[in-house]
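For reference, the structure is listed below as structure tokens.
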Amino acid sequence: MYEATRFVALPPVANRNAKESSMCGIIGYSGPRKTTAILLEGLRRLEYRGYDSAGIALGSGKSLRIVKTVGKIAALKAAIPADLEGNWGIGHTRWATHGGVTQINAHPHMDGSGKLAVVHNGIIENHHALRAMLEKKGCVFVSETDTEVIPHLIAQYYKGDLLEAVKEALPKLQGTYGIACIHADEPGRIVGARNGSPLVVGVGSGEMFLASDITAMVAYTDKVIYLNDGEIVDLGVDHYSISNREERKVDKKIDQITWELGSIEKGDYPCYMEKEIFEQPESIERALSGRLDAENATAKLGGLNLDRRQLSAVGRVKVIAAGTSWHAGLIGCQLLEGLARLPSQAELASEIRYRNAVVEKDSLWFTVSQSGETADSLYAMREIQRKGATVLGICNVVGSTIARESDGGIYVHSGPEIAVASTKAFTSQLAAFYLFSLLMARMRHMAREDGAAFLAQLQNVPSLVAAALKQRDLIQAVAKKYCHAKDFLFLGRGMLYPIALEGALKLKEISYIHAEGCSAGEMKHGPIALISGEVPSVFLISDDYLREKTLSNIREIKARGGPIIAVGVEGDEEARRVADDFIPVPHSDPRFYPFTMVVPLQLLAYFCALELGRDVDQPRNLAKSVTVE
Ligand code: AGP
């Protein structure tokens with residue numbers, strides 16, 4: 001259970017100017033178990049982040065053995081000799097940034113002596129200058145990567161103490177890094193450092209772990225320490241110590257992970273994405289749990305770190321997010337405006353981070369991010385904080401950078417989301433916005449009875465979503481019928497417009513079919529030119545004041561020969577008649593259709609991708625947590 005985990009006030013962050021990190025994965029292990037198996041298992045757990053090559057360095061006696069391959073972890077496993085074992089080691093999944101996808105460019109990288117190995121997430125911006133300097137000193141580089149300067153640089157300072165050498169080398173590095181280093185002459189020792197790229201220490205009993213992501217080690221320990229930028233960890237089989245840039249020892253809190261191992265397993269499902277879609281009734285329930293105040297007909301959100309006076313002074317809300325999280329933000333803003341009468345606006349993080357945005361004194365900002373590590377969102381948030389605004393987080397990953405650096409917030413408690421395409425995190429982010437909107441509305445204009453009615457309906461969302469999931473087989477048949485189309489349009493109005501955007505994003509991400517999300521009302525202003533018998537249009541039809549208008553938009557498309565898939569309300573016979581295929585969702589208060597209408601779109605994308613033989617959980621070119629620009 002996550003419920004006890006609250007957003008806490010910011011610990012000081014050493015380097016808020018760090019630029020980017022990368023989406024690669026790191027695992028390190030020191031202990032009595034079979035190191036090869038632990039490293040491979042850790043890398044397998046990190047696969048979801050997206051990668052194109054992988055490797056491990058194993059220490060045994062006083063030597064290191066390196067194995068690296070292009071492609072999946074299975075290829076790495078096959079390349080490792082059966083008798084290769086070690087007492088400690090590091091592993092890495094690489095998502096190429098500097099240099100092509102080749103075995104030589106894969107990590108770990110070594111110094112010239114072959115005794116020092118480093119894995120690195122991030123980008124070393126001054127690698128050209130460092131390489132030139134190191135080459136002058138006689139270092140020979142074998143890869144095209146920025147990372148290779150790190151082992152050569154550390155080796156320059158190595159005099160028998162890896163920690164000291166790393167400490168001396170770090171100030172010379174410009175850019176971002178999460179690194180793990182080992183040296184053949186220091187059995188069991190791993191030195192890690194963080195600057196802009198996540199690193200977590202796993203504390204076991206008689207064994208220690210270091211990883212970029214807790215999923216890599218959750219099978220072995222539930223005790224973790226999140227490193228902050230500027231911190232260095234020195235660990236051995238049964239000890240660790242953490243220091244900061246000022247060389248002072250830092251006493252850090254050990255956090256308890258509350259995940260069950262089962263939550264990162266597929267169970268009986270063929271893919272994580274299907275599992276995560278079907279988990280939504282429970283994940284939404286978790287997002288709501290303990291946050292509904294029936295007595296006062298409002299919501300309780302203790303993690304906001306804002307008292308009633310501060311909340312009443314809020315005059316407008318701004319949201320920063322990317323991709324699916326931005327779609328949740330768009331809906332959240334419509335709800336806040338309608339329910340709490342607060343001017344609200346959702347901004348794309350990649351846009352706002354480079355704009356000189358106006359930060360009004362009465363504005364309250366949210367950064368919405370499943371991973372809590374998305375670079376665009378994080379850097380946009382820091383810029384807005386620099387301008388003096390309070391920025392809250394709506395995050396799923398507990399202890400993530402956005403969660404820690406925001407001034408408070410709401411954990412959505414979806415549980416680990418492993419599939420690259422976000423599904424359950426989205427509906428939980430919606431739940432967070434619905435709670436916050438209720439809270440703000442009740443502090444402003446909303447009557448107690450209206451609050452109570454809204455709260456009752458919010459409580460019913462998990463059952464509505466469970467009912468929407470029952471259309472699985474129908475949606476699979478619809479996907480079979482249309483999955484060979486080259487283009488799709490997704491159309492909705494009002495709160496269903498962002499759902500149309502989300503449906504299009506899901507389909508293109510995992511099936512690679514071109515899809516566009518449009519406001520149904522905007523069709524006639526351009527996109528209608530795309531309509532033909534080969535372009536299916538997926539319409540979202542509510543049963544509110546926008547229904548008639550949406551039905552007219554459907555007829556405009558029908559008249560031009562476009563096939564129609566309608567997601568509408570159970571019992572809407574007119575919508576069923578006008579559509580070629582009709583997918584019903586249960587009737588509810590129209591404000592709650594975003595929860596139910598997104599479900600058929602998630603399933604449609606999923607079944608199209610499955611039908612086309614795509615890698616659903618790890619679609620091409622995508623990474624789960626986009627920590628590069
Ligand atoms: C969702 O399916 C995508 N993989 C992507 O758009 C994602 O939502 C976006 O990168 C933002 O990620 P975040 O929520 O972790 O910040």
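Numbering of ligands and ligand atoms starts at 1, following listing order.
- The closest protein non-hydrogen atom to atom 10 (O) of ligand 1 is Val626 CG2, 3.9 Å.
- Between Phe595 and Phe592, the ring planes are parallel. Angles under 30° get that label, and only those over 60° would be called perpendicular.
- An N or O contact shorter than 3.5 Å is missing between Ser377 and ligand 1 by distance.
- For the pair Val420 and ligand 1, the shortest N or O to N or O distance falls below 3.5 Å.
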| said: Using the rule given for side-chain hydrogen bond (donor to acceptor under 3.5 Å, both in side chains), can you reason through Tyr379 versus Glu383, listing the C-alpha separation, both sets of side-chain angles and the distance that settles it, and then say yes or no? | reply: CA-CA 6 Å; Tyr379 294 104; Glu383 179 59 17; over 6 Å; no

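- Residue Lys506 approaches ligand 1 through these ligand atoms, each under 4.0 Å from one of its heavy atoms: 1 (C), 2 (O).
- Regarding atom 15 (O) of ligand 1, its nearest protein heavy-atom neighbour is Ser371 OG, 2.7 Å.
- Counting heavy atoms under 4.0 Å from ligand 1, residue Glu509 touches it through the side chain alone.
- Looking from atom 11 (C) of ligand 1 to the surrounding protein, the closest heavy atom is Ala322 O, 3.3 Å.
- No side-chain N or O of Gln280 forms a donor-acceptor pair with one of Thr423 less than 3.5 Å apart.
- Considering backbone and side-chain atoms together, Thr324 places an N or O closer than 3.5 Å to an N or O of ligand 1.
- A salt bridge is absent between Lys424 and Glu282: the closest approach of a Lys/Arg side-chain nitrogen to an acidic carboxylate oxygen does not fall below 4.0 angstrom.
- Look at Glu274 and Arg472 and you find a salt bridge, because one of the NZ, NE, NH1 or NH2 atoms lies within 4.0 Å of a carboxylate O, short of that distance.
- Salt bridge present: Glu265 and Arg45 bring a charged side-chain N and a carboxylate O closer than 4.0 Å.
- Of all atoms in ligand 1, numbered sequentially from 1 with element shown, those under 4.0 Å from a heavy atom of Ala421 are 2 (O).
- Of all protein heavy atoms, the one lying nearest to atom 6 (O) of ligand 1 is Gly323 CA, 3.2 Å.
- Atom numbering of ligand 1 starts at 1 in the shown order; those under 4.0 Å from a heavy atom of Ser369 are 13 (P), 14 (O), 15 (O), 16 (O).
- A perpendicular orientation is assigned to the rings of Tyr482 and Phe488, their planes being inclined by more than 60° (bins at 30° and 60°).
- Near Ser325, with a cut-off below 4.0 Å to any heavy atom, the atoms of ligand 1 are 8 (O), 13 (P), 14 (O).
- Between Phe366 and Phe436, the two ring planes are perpendicular [angle over 60°; tilted spans 30° to 60°].
- Close approach to Ser422 involves these atoms of ligand 1, each under 4.0 Å from a residue heavy atom: 1 (C), 2 (O).
- The pair Arg382-Glu405 meets the salt-bridge criterion, with a side-chain N (NZ, NE, NH1 or NH2) lying under 4.0 Å from an Asp/Glu carboxylate O.
- For ligand 1 and Gln370, the ligand atoms under 4.0 Å from any heavy atom of the residue are 13 (P), 14 (O), 15 (O), 16 (O).
- When Ile510, Thr374, Leu622 are checked for heavy-atom proximity to atom 13 (P) of ligand 1, Thr374 turns out nearest.
- Thr367 contributes atom OG1, which lies 9.0 Å from atom CD1 of Ile394 (distance to the nearest 0.5 angstrom).
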